[in-house]
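Start at 1 and go down the list; that is how both ligands and their atoms are numbered. No hydrogens, no waters, no symmetry mates; every other heavy atom, side chains included, goes into these values.
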Amino acid sequence: MQRVFSGIQPTGIPHLGNYLGAIRNWATLQADHDCLFCLVDMHSLTMPWSPQTLREQTLGAAACLLAAGIDPTRLYNQSAVSAHARLGWIFNCVSRLGWLNRMTQFKDKAGKNRENHSAGLYVYPNLMAADILAFHATRVPVGDDQLQHLELANDIAQKFNHDMGVEFFPKIEPLVPPAAARVMSLRDGTKKMSKSDPSAQSRIVLTDTADEIAGKIRRAKTDSEPLPSEMAGLAERPEARNLVTIYAAVSERTPADILSEFGGQGFGPFKNALAELLVQKLAPIATETSRLLQDETHLLSVLRTGAERARSVADPIVNEAESLVGFLR
Ligand code: TRP
């Protein structure tokens, strides 16, 4: 069985884009892969943070992932497993400044004020490589914005193997979800649905109530034309395309199939059907998330068990990596 590793930043309650683009696939992968899913709280320190918020958001994300069907024995928070930090340091010393200077995500996040960002933001990709390779994971489900980081992880693994004269770290392959699962803002069909969008109307989060979901879909931006019957008719209509994409992804049908049902109709009936579908799929997750959040002791013990399991896999691998670089053990 292939080992799968993925990480998610614990920025609180995930939104529909996170669910369709990542979480739902993770839940499916568990059936035939040896999976580990990590709340990457160490990565959260790479941008300004508040301790209280980080704590709450880690618990919120954990509750949501469990509610969405992630196996409790496979979920943990990164900082509880020291293998990440230990291998991360070794990789800081294997990775090259020239490689990190090419990372587009660093350039985007640091923006103009580069000098004032943390060193952690700069070496973030080295830690991400360590996250995966500490488990000898070979399959990594990520969005296409993370592909450059996985290439870097493979470069680090290859350089480590070459410099130490071993075949120790395996090659990593990304598992990118189908493009259909890219969910855009409900206010602007050209922007990705995002946690940082100032408008809460732009996104559906996994704890929204049935009324909130229906209201957000009703108010979602559209145009004045009826829905087309063919995919080509969506080309210049980003908002219409987004709603059709969401309907298709949630119902696990193709967008063409959705258009064959709703083509020629106005947005009124389509939005009603979409709201109903979303409520049916998401409301149980929201209810379960709220229930889990009421018992913090239980959530903490679930994460602790996950961390123990993660340690039992990663510690021997990182012990071996430490011996290979010449550390006395
Ligand atoms: N960088 C990833 C993101 O922002 C999160 C992440 C950290 C990750 N470590 C990882 C994803 C390891 C996959 C594997 O989405």
Identify which one of Asn92, Asn101, Thr46 satisfies the side chain to side chain donor-acceptor pair (under 3.5 Å) criterion when paired with Tyr122. Asn101
For the CD1 atom of Ile132 and the CG atom of Leu36, what is their distance to the nearest 0.5 Å?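 If I round to the nearest 0.5 Å, the distance is 12.0 Å.
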So, the side chain of Lys271 versus the backbone of Arg218: is there a donor-acceptor pair under 3.5 Å, distance only? yes
Could you check ligand 1 for N or O atoms lying under 3.5 Å from protein N or O atoms and list the pairs with distances?
{"from": "ligand 1", "atom 1": "1 (N)", "to": "Tyr124", "atom 2": "OH", "distance (Å)": "2.8"}
{"from": "ligand 1", "atom 1": "1 (N)", "to": "Gln146", "atom 2": "OE1", "distance (Å)": "2.9"}
{"from": "ligand 1", "atom 1": "4 (O)", "to": "Tyr124", "atom 2": "OH", "distance (Å)": "3.2"}
{"from": "ligand 1", "atom 1": "4 (O)", "to": "Gln146", "atom 2": "NE2", "distance (Å)": "3.4"}
{"from": "ligand 1", "atom 1": "9 (N)", "to": "Asp131", "atom 2": "OD2", "distance (Å)": "2.7"}

With salt bridge (Lys or Arg N to Asp or Glu O under 4.0 Å) as the test, would you mind laying out the steps for Arg86 and Asp315 before giving the verdict? CA-CA 10 Å; Arg86 290 160 59 203; Asp315 281 351; 3.6 Å; yes
side-chain contact (heavy atoms from CB on, under 4.5 Å) evaluation trace for Ser251 with Ile258: CA-CA 9 Å; Ser251 60; Ile258 306 304; 3.9 Å; yes
Could you tell me whether Glu225 and Arg237 have a side-chain N and a carboxylate O separated by less than 4.0 Å? no
